[in-house]
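Heads up: the structure comes next, in structure tokens.
These numbers come from the heavy atoms of this one structure, side chains and all, not from hydrogens, waters or symmetry mates.
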Amino acid sequence: MKTESLNALKIFLSTLTIAFCFFIPHYANLTIFIYPIVILFVVWLFLKYVSGETFADIFFSFKRFEIKAFWIGIIVAISLSLFFRFAWDPLINSILPSGKIDLSDFASIHNSPVNYVIILLIALFVGGFYEEIIFHGFIFTRLEKIFKGKWATSVAFILTTIIFGLYHFQQGIKGILLTAIAGAVYHALILKFNRNLWYGVFVHAFFDFIGLTLIYLGKLS
């Protein structure tokens with residue numbers, strides 16, 4: 001197969017797989033325990049048989065774990081939570097006073113220790129690991145390969161941020177905007193620390209932990 005045709009096929013398959021990652025969790029009627037496994041398997045197939053890569057090529061490797069990522073994750077998550085509480089919320093509420101982030105998916109954890117712990121674990125593995133691997137690892141690197149050239153990384157970063165925000169459309173416009181900003185922070189940390197996904201995993205997980213804890217305590221609804 002000619003190089004041009006092969007590249008076109010890879011772009012097509014990349015786009016198709018990105019769409020698969022975006023839509024399947026919302027529309028395939030698979031539980032939160034099942035769809036991450038399905039999508040990670042599809043991504044593994046793509047990496048192995050289409051692009052000839054491994055998960056290390058999309059920034060995730062157990063060998064690259066750094067304890068520093070854990071502590072930076074905590075610090076950045078707290079800082080990000082304070083930013084949204086005292087800077088972003090007043091601003092966006094003045095622009096969209098009638099809008100509200102839909103957090104109904106997490107209503108069951110309010111005053112329920114068992115549900116709270118279960119959701120924290122889900123936040124770690126689905127929010128922290130799964131979403132970072134898929135969005136700021138796989139999707140970002142696919143876009144970076146599609147938009148080759150000087151601005152490839154910048155364009156891929158912006159598009160990944162938009163896609164990550166829109167992926168949370170069920171939370172409403174305020175949820176999309178908040179998630180896009182938070183996602184950009186997760187992603188920026190990954191790139192800053194030599195494309196090490198562990199930094200995104202921890203800040204994402206701890207940011208979710210803070211939000212879920214506030215919901216559990218009745219401070220956020």
Side-chain angles (χ1 to χ4, degrees), residues 1-66 69 125-170 176 179-204:
M1 184 179 293
K2 293 182 179 180
T3 302
E4 294 82 2
S5 299
L6 184 59
N7 288 337
L9 178 60
K10 285 185 177 180
I11 290 173
F12 171 75
L13 292 175
S14 294
T15 305
L16 190 65
T17 308
I18 289 172
F20 183 86
C21 294
F22 187 96
F23 290 109
I24 288 299
H26 293 293
Y27 298 110
N29 292 321
L30 299 175
T31 70
I32 199 168
F33 302 102
I34 300 298
Y35 75 72
I37 297 173
V38 172
I39 293 175
L40 286 171
F41 179 67
V42 170
V43 166
W44 175 79
L45 288 176
F46 181 98
L47 293 173
K48 184 175 178 63
Y49 295 107
V50 176
S51 63
E53 297 172 286
T54 68
F55 279 93
D57 294 301
I58 57 172
F59 315 152
F60 184 74
S61 169
F62 286 105
K63 293 180 180 179
R64 296 194 68 193
F65 170 79
E66 298 175 1
F125 291 105
V126 177
F129 283 95
Y130 165 76
E131 289 189 0
E132 290 305 304
I133 289 172
I134 296 302
F135 288 91
H136 301 134
F138 179 74
I139 291 178
F140 170 72
T141 53
R142 296 317 96 191
L143 293 172
E144 199 175 33
K145 289 177 182 296
I146 291 173
F147 296 96
K148 297 177 181 180
K150 180 181 178 180
W151 301 103
T153 299
S154 297
V155 172
F157 181 92
I158 293 170
L159 289 177
T160 302
T161 297
I162 293 171
I163 292 170
F164 186 68
L166 291 175
Y167 177 73
H168 295 80
F169 66 83
Q170 74 278 7
I176 290 173
T179 305
I181 295 170
V185 173
Y186 309 155
H187 201 171
L189 276 179
I190 292 168
L191 297 179
K192 175 178 175 57
F193 291 97
N194 300 314
R195 302 191 170 211
N196 188 333
L197 204 78
W198 284 101
Y199 288 86
V201 168
F202 283 121
V203 68
H204 189 160

Between the CD atom in Glu53 and the CZ atom in Phe46, the distance rounded to the nearest 0.5 Å is 7.5 Å
Closest non-hydrogen atoms of Tyr130 and Val126, given as atom of the first, atom of the second and distance, are CB-O, 3.2 Å
In short, Thr141 meets Phe59 closest at the heavy-atom pair CG2-CZ, 3.5 Å
Note to self: Can you tell me how the ring of Phe164 sits relative to the ring of His168, calling it parallel under 30°, perpendicular over 60° and tilted otherwise?
What the structure shows: perpendicular
Sorted by chain and number, sequence neighbours left out, side-chain contact (heavy atoms from CB on, under 4.5 Å) with Ile133 holds for Leu40, Phe55, Ile58, Phe60, Leu197
Tightest non-hydrogen contact, residues Leu13 and Thr17, listed as O-OG1, 2.7 Å
Correct closest heavy-atom pair for Ile139 and Cys21 would be CD1-CB, 4.4 Å
message: In terms of relative ring orientation, are Phe169 and His26 parallel, tilted or perpendicular, with 30° and 60° separating the classes?
response: tilted
In terms of heavy-atom contacts, Ile18 and Leu143 come closest through CD1-CD2, 4.1 Å
Between the CZ atom in Phe129 and the CZ atom in Phe202, the distance rounded to the nearest 0.5 Å is 6.0 Å
Interatomic distance, CG@Leu9 vs CD@Glu4, rounded to 0.5 Å, equals 13.5 Å
Output for pair (Ser51 OG, Lys145 NZ), nearest 0.5 Å, gives 7.0 Å
Residues at least two apart in sequence or cross-chain that pass salt bridge (Lys or Arg N to Asp or Glu O under 4.0 Å) with Lys48, listed by chain then number, are none
Scan the side chains in residues 153-162 for donor-acceptor partners under 3.5 Å anywhere in the protein, sequence neighbours excluded, and list what turns up.
unit_1: Thr153; atom_1: OG1; unit_2: Glu144; atom_2: OE2; d: 2.5
unit_1: Thr160; atom_1: OG1; unit_2: Ala156; atom_2: O; d: 2.6
unit_1: Thr161; atom_1: OG1; unit_2: Phe157; atom_2: O; d: 2.9

